[in-house]
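Labels below follow one simple rule: chain letters A, B, ... track the order of the sequence lines, proteins then strands, and each chain is numbered from 1.
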There are 2 protein chains.
Amino acid sequence: MRETSGKFRKIGILGGMGVEATLELMKRVHATTAAEDDQDYIPMFVDMNPQVPSRIAHLIEKTGPDPGPVLADMAIRLEQAGAEVLAMPCNTAHLYASEIEASVGIALLNMPKLACSEVAQGMTRGAIVGILASPATDITGLFGNFLSEFGIATAYPENEADILASIRRIKKSGPSDADIALLEREAKALAQLGAEKVIIGCSEFSLISKDIQSPVLVLDTLDVLVRAIVTFSGARAKADIRIP
Amino acid sequence: MRETSGKFRKIGILGGMGVEATLELMKRVHATTAAEDDQDYIPMFVDMNPQVPSRIAHLIEKTGPDPGPVLADMAIRLEQAGAEVLAMPCNTAHLYASEIEASVGIALLNMPKLACSEVAQGMTRGAIVGILASPATDITGLFGNFLSEFGIATAYPENEADILASIRRIKKSGPSDADIALLEREAKALAQLGAEKVIIGCSEFSLISKDIQSPVLVLDTLDVLVRAIVTFSGARAKADIRIP
C-alpha cells in the first residue's frame, strides 16, 4: 500500500495538540516549499487527534490518563500508512518521545531537541537560554536536559499560572493581544535575568511568535521543525528561506 | 488499532489537490466547531498527497496517468487508519468517486453532489445555475448530471482557457487580485446569461470565494463540505453558523 511516486519522503504528523498549532505547521511547510504545481509539495499523513489526553493534566495535575499509549498507537498507524519519519508539533508531548520511538521503526524529528541544538550554536558554556513554554517542560527538564549537554542553563518565567492560563486561552479561542503582551513581558524579564536567547517552546505560542518584540533573539521551535521536515522530505525550499 | 475515545466520528480526508485547498477545508472545519479545549475538535486523518496525478491532464489533455487507482489506495489507507467517512476537497477529483467508493466500506461525503442538492433548494425546474469550476467538470457533466435530477441546467464561462490558467496560477502561487477580478467578471456574465445562482466548484476558487462580489447568490462547495463534516462527526457547531 506504499505510495510509489517516491518523489519526496513522506512525513507522518502526530497532530491535534492543538489543532491550530498543527495547521500552523502545515501552513509553514507549504509556505517554505518552492513549487510550480501541486506535485512539488511535500506528502504528509496527518493524524489530527484532538482527543489525545491532556499532557498538562497528566504531568502537572496528576489527574488525567496517560497520553503515552495513545501517541504510540498514532505513531504505529502513521507508519502503516507509509510515513517515513514522524513529526509532532507539540513540545510538551515530546516528554513521551521514548514511548513513541519504541513503538515504530521510523525516527521522530524531535522538535525540542533540534531546537536546543540550534539555539546552542555560537553560545558559550555557562550561558542562559530563556524558555517560554508549558511549566510541564520545566518540571520535567525537557529543554534543560538537552541544553545541559552544551553546558547551557535554562530560565523560565516566574509566574507559571499566567503562562498556563495563556496556553489554555489560545487552545480555546486563538491568540489575543493579551497573550502577545504576556510573552513580550516575560521575554524581557528573562533577558534581564541574563538569558542571551529565548526559545518559543510551546506550539500555541508559535502562533504569535512573529508578533513578539524581544530584546534578545527568539527561536521558534515550530520553525526548527518546519526546516527539519523540508530537509528530510527532499523537497526544494524557497530561495529566500534559510535551511541550516 | 481503532481509537477508543469515540467522542466524535472520525473523518478521512483525501487531500493535497491542492495543498492550500485542503488547509482551507481544515481551517474552516476548525473555525466552525464550538470548543472549550482541544478535546472538542473533530478528529481527522488527512492524507496530504500532492502527488496524485493531475486530474486535468488525465481528463482534458488525455496525456497523464489515471489518478483513480491512487485515490482508491488513499481511501483504503484512510479506512485502515480508522476513518468512518471520507471527504475530498477537490471537486474535479469527484469524477473518480465511484472508484473510491468501490474500494472501501465507508461512504464519501460527495461535495459536488451535496452542493447541487443545496443549490437546488427553492429553485424551479428549467432554472439555470452558473458553475465556476474546471472545464473538466463541464466536459464530463459532473455538476450537470446532479443538477439535471432537479431539472436545473448549468452554464459555464465561455473562456475555458482563462479559468484553467487561473486554477493553475492559484495552485502555483496562491490567489491574486487578477483571479478575483476574473471570477467577478464571469459571475456577472453567467448572471446575464440567466443564471439565478452561481456555484464555486473548484477548491482553488474557494480560497477567494468570500472576496467575490456577485449579482446573484454564490454557493461555495467547500462550505457545503465543511457543514457535512461537522454534522457527520457529531461535533457542536458554533451558534452563529448555520448547519442545514
Side-chain angles (χ1 to χ4, degrees), chain A residues 1-8 10-11 13 15-24 26-27 29-31 33-57 65 69-70 73-74 76-78 80-82 90 168 171-174 204 235, chain B residues 1-8 10-11 13 15-24 26-27 29-31 33-57 65 69-70 73-74 76-78 80-82 90 168 171-174 204 235:
Chain A
M1 290 309 302
R2 267 172 195 266
E3 211 60 12
T4 49
S5 99
K7 182 172 180 177
F8 302 126
K10 197 180 267 185
I11 316 294
I13 307 285
M17 304 170 273
V19 175
E20 220 172 334
T22 304
L23 285 172
E24 181 71 17
M26 296 171 76
K27 214 175 71 182
V29 168
H30 182 259
T33 313
E36 290 297 311
D37 197 358
D38 280 356
Q39 328 281 333
D40 299 324
Y41 288 105
I42 297 170
M44 294 188 188
F45 205 91
V46 182
D47 187 348
M48 185 72 93
N49 185 1
Q51 281 77 41
V52 175
S54 165
R55 287 67 63 201
I56 289 171
V70 175
D73 274 2
M74 289 166 72
I76 292 167
R77 272 196 302 264
L78 289 168
Q80 285 171 343
C90 172
R168 291 206 161 119
K171 277 181 187 289
K172 182 178 168 183
S173 45
E204 268 65 45
Chain B
M1 291 309 305
R2 265 170 196 267
E3 212 60 10
T4 50
S5 97
K7 183 173 179 174
F8 301 125
K10 207 173 260 191
I11 316 293
I13 308 285
M17 304 168 273
V19 175
E20 218 171 337
T22 304
L23 286 172
E24 182 71 16
M26 296 171 76
K27 213 175 72 182
V29 168
H30 182 258
T33 313
E36 291 296 310
D37 197 359
D38 280 356
Q39 328 282 330
D40 299 324
Y41 288 106
I42 297 170
M44 294 185 186
F45 283 105
V46 183
D47 188 348
M48 185 73 93
N49 185 2
Q51 281 77 42
V52 175
S54 165
R55 285 69 63 200
I56 290 172
V70 176
D73 273 2
M74 290 166 71
I76 292 168
R77 271 198 301 266
L78 289 166
Q80 283 172 344
C90 171
R168 291 208 159 118
K171 279 182 186 289
K172 182 178 168 183
S173 46
E204 268 65 45

Engineer: How far apart are the closest heavy atoms of P43(B) and P50(A), and which atoms are they?
Structural biologist: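 For P43(B) and P50(A), the tightest heavy-atom pair comes out as CA-CD, 3.7 Å.
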Engineer: I need the minimum non-hydrogen distance between Q39(A) and S54(B), along with the two atoms involved.
Structural biologist: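 Looking at all heavy atoms of both residues, the shortest contact is NE2-N, 3.8 Å.
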Engineer: Do E20(A) and H30(B) pass the side-chain contact (heavy atoms from CB on, under 4.5 Å) test, and can you show the C-alpha distance, the side-chain angles, and the key distance before you say yes or no?
Structural biologist: CA-CA 8 Å; E20(A) 220 172 334; H30(B) 182 258; 3.7 Å; yes
Engineer: Below 4.5 Å, heavy-atom pairs only: which of V19(B), D40(B), D37(B) has the largest tally toward chain A?
Structural biologist: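 Option with the top pair count is V19(B).
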Engineer: With a 4.5 angstrom heavy-atom cut-off, which part of I11(B) approaches chain A: side chain, backbone, both or neither?
Structural biologist: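 Looking at I11(B), nothing touches chain A.
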Engineer: Taking all non-hydrogen atoms of both residues into account, name the closest pair between K172(B) and Y41(A) and its distance.
Structural biologist: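 Reported closest heavy-atom pair: O-OH, 3.7 Å.
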Engineer: State the CD1-CZ distance between I13(A) and F45(B), to the nearest 0.5 angstrom.
Structural biologist: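 These two atoms lie 13.5 Å from each other.
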Engineer: Kindly determine whether E36(B) and K171(A) satisfy side-chain contact (heavy atoms from CB on, under 4.5 Å), including the steps that lead there.
Structural biologist: CA-CA 8 Å; E36(B) 291 296 310; K171(A) 277 181 187 289; over 6 Å; no
Engineer: Output the distance between atom CG (D47(A)) and atom CE (M44(B)), rounded to the nearest 0.5 Å.
Structural biologist: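 The distance works out to 12.0 Å.
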Engineer: For I42(A), is it the side chain, the backbone, both, or neither that has a heavy atom closer than 4.5 Å to a heavy atom of chain B?
Structural biologist: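 Looking at I42(A), just its backbone touches chain B.
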Engineer: Please round to the nearest 0.5 Å and tell me the distance separating atom CE of M26(B) and atom NZ of K27(A).
Structural biologist: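 Between atom CE of M26(B) and atom NZ of K27(A) there are 12.5 Å.
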Engineer: To the nearest 0.5 angstrom, please state how far the CE atom of M17(B) sits from the CG atom of D38(A).
Structural biologist: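 Answer rounded to 0.5 Å: 9.0 Å.
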